[in-house]
Amino acid sequence: MKQRLYSLAAALVGLVLTTSAQSQPAITVPQLKKHGAATQLMVDGKPFLALAAELNNSSASSLSYMRPLWPRLAASHINTVLATVSWELVEPEEGRFDFTGVDGLLKDARANHLHLVFLWFGSWKNGKSNYQPLWVKTNQARFPLVQNELGKSLATLSALSDANRDADARAFAALMRHLREVDGKKHTVLMMQVENEVGVLDAPRDFSPAANQAFDGPVPKELMDYLQAHKDTLIPQLHRAWEANGFRTSGAWEKVFGKSIVNKEDWKALSYFTEEIFMAWNYARYIGHVAAAGKAEYNIPMYVNTWLKQENTGWPGAYPGGGPLPQVMDIWRAGAAPIDILSPDIYAPNFTEWCDWYTQSGNPLFIPEARGDARGAAHALWAFGKHDAIGFSPFGIDRTAGPDTELARAYDVMAQVAPLILEHQGKGTMTAVLLDSGGAAQTVTLGNYNLEARFTSRNFGVVTNAPPERVAGLFISTGPDDYVIVGRSMNVYFTAATNPSESVGLGTVEEGVYAGGKWIAGRRLNGDETPEWKALRFRGDNYTLQRVKLYRYH
Ligand code: DGJ
């Protein structure tokens, strides 16, 4: 009888739990989701725009170093902090894990209403290996290093070692298991960066015995199958190398992709390309394995970041060979399916070209490192509006965090307009331009109108700092004759896209702010604030928002 009562009670408790679980919205961990043509980061069921910044490499290793920094970060209008978690601190002795630092970062980020992206500094950081624990560093027989052409070891763990890979994967899996346990419901951590700027520096490839054997052996069947299945959509450089060698479907690396041509004069030339393809495959396989081990514990989005090829740098050493650069993106897709995003760290002046290259074949844009000055702020706005970026994150925020920087003031405005940006990403109803001081005007067609943005340093009645040398304008079409525009140091003119013989007038122009996603109108603008009564004028000291309704006349 007693037993039956217990059973009945247990059934009733089960029923209550099930019912209450059913009435609660399901807890969804951070994930990527398609929104029209865009891919968005979903947090607690809603799209999220990461107005992020990255700490210096060592900052997050000390909670007391971080303590005074958190309020400054929060005051910078940042919503996400990119912080290092290093293998050496997480697993100081093999199999003994210590997550005290991770837990402290979670606690302090939450107290400051900030999200985190953790950077897993495991086997590699900037093409070298410095963050692996001492028990790994000192046991090179078990954990082999890359060798150069002369057989000399470099301070870089070899990607062709299962022992290296498995030890890294075990530690990463333990970290992800811990994050699921302590953050699986709170979602402070949004994404994981797996390793940091990988690739071989100071040699065209790994020449360790295992690497030589693999390089002389056949291109793995999985890679050959992938290339054949995606032949028509391969990135052009890879397609050309394969085509030049007769689209072979099997054979050694130099048979399938050719013997590399080395051109040290032209920095854009792909010297040692076959070696790069080979290393890309091996890094991708390794990191794909590490990421899969982590995702099996806690499945949140994961990305890898890239040291880009820089102008005027010598080779080898121009960039770590084998990282996810555009020319080997397909190799990374083939080898590292658990990685969701291939990310560029963009310090180079040709920012827009890199964004074009990193949005090829549907790669979502997340920029984990960049400049954080006025130029960086312009790039952030432009990337969100033009390329549906998921996030933007200047590097080294420790030095500059505070409420009155170019980045903080720009992020403040971007945070206001973020719900509208997210609504319009991937729909063809939003675009952006970059304008340079002294540079040409930019014209875009959006909806029923052409919008021409002209850089200006004139600001009636407003005392401004010197305008920055580069600014962005973001345009959102909210109705047939309606636009919301974020701009700075520019005038924006309109012409009819559908019937050019019609003149376009400014019906109403308002400045304003968004609060909680709602538009709060400020001044009604007209006269000197709307040059020639046909343009919107944006101040030079910061990004501001205007809403315009247009009309036509004959
Ligand atoms: C690129 C690296 O990925 C970062 O960790 C950092 O070292 C910066 N370079 C420094 O500029």
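Note that ligands are numbered from 1 as they come in the structure, with each ligand's atoms numbered from 1 the same way.
- With hydrogens and angles disregarded, no donor-acceptor distance shorter than 3.5 Å links the side chain of Asn196 to the backbone of Phe121.
- Taking the six-membered ring where the residue is Trp, the centroids of Trp120 and Phe172 are separated by under 6.0 Å.
- Residue pairs meeting the ring pair (Phe, Tyr, Trp, His ring centres under 6.0 Å) criterion with at least one partner in residues 56-77, sequence neighbours excluded, are absent.
- Between the side chain of Asn164 and the main chain of Leu160, no donor-acceptor pair closer than 3.5 Å is present.
- In this pair, His115 and Phe48 present their aromatic rings perpendicular. The plane angle is above 60°, beyond the 30 to 60° band.
- Cation-pi contact between Arg333 and Tyr226: absent, since separation from the ring centre below 6.0 Å together with deviation from the ring axis within 45° is not met.
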Could you tell me, for ligand 1, which of its N or O atoms are under 3.5 Å from any protein N or O, listing the pairs and their distances rounded to 0.1 Å?
| unit_1 | atom_1 | unit_2 | atom_2 | d |
| --- | --- | --- | --- | --- |
| ligand 1 | 3 (O) | Asn126 | OD1 | 3.4 |
| ligand 1 | 3 (O) | Asn196 | ND2 | 2.9 |
| ligand 1 | 3 (O) | Glu197 | OE1 | 3.4 |
| ligand 1 | 3 (O) | Glu197 | OE2 | 3.3 |
| ligand 1 | 3 (O) | Glu369 | OE1 | 3.4 |
| ligand 1 | 3 (O) | Glu369 | OE2 | 2.6 |
| ligand 1 | 5 (O) | Asn57 | ND2 | 2.9 |
| ligand 1 | 5 (O) | Lys125 | NZ | 2.7 |
| ligand 1 | 7 (O) | Asn57 | OD1 | 3.4 |
| ligand 1 | 7 (O) | Lys125 | NZ | 2.8 |

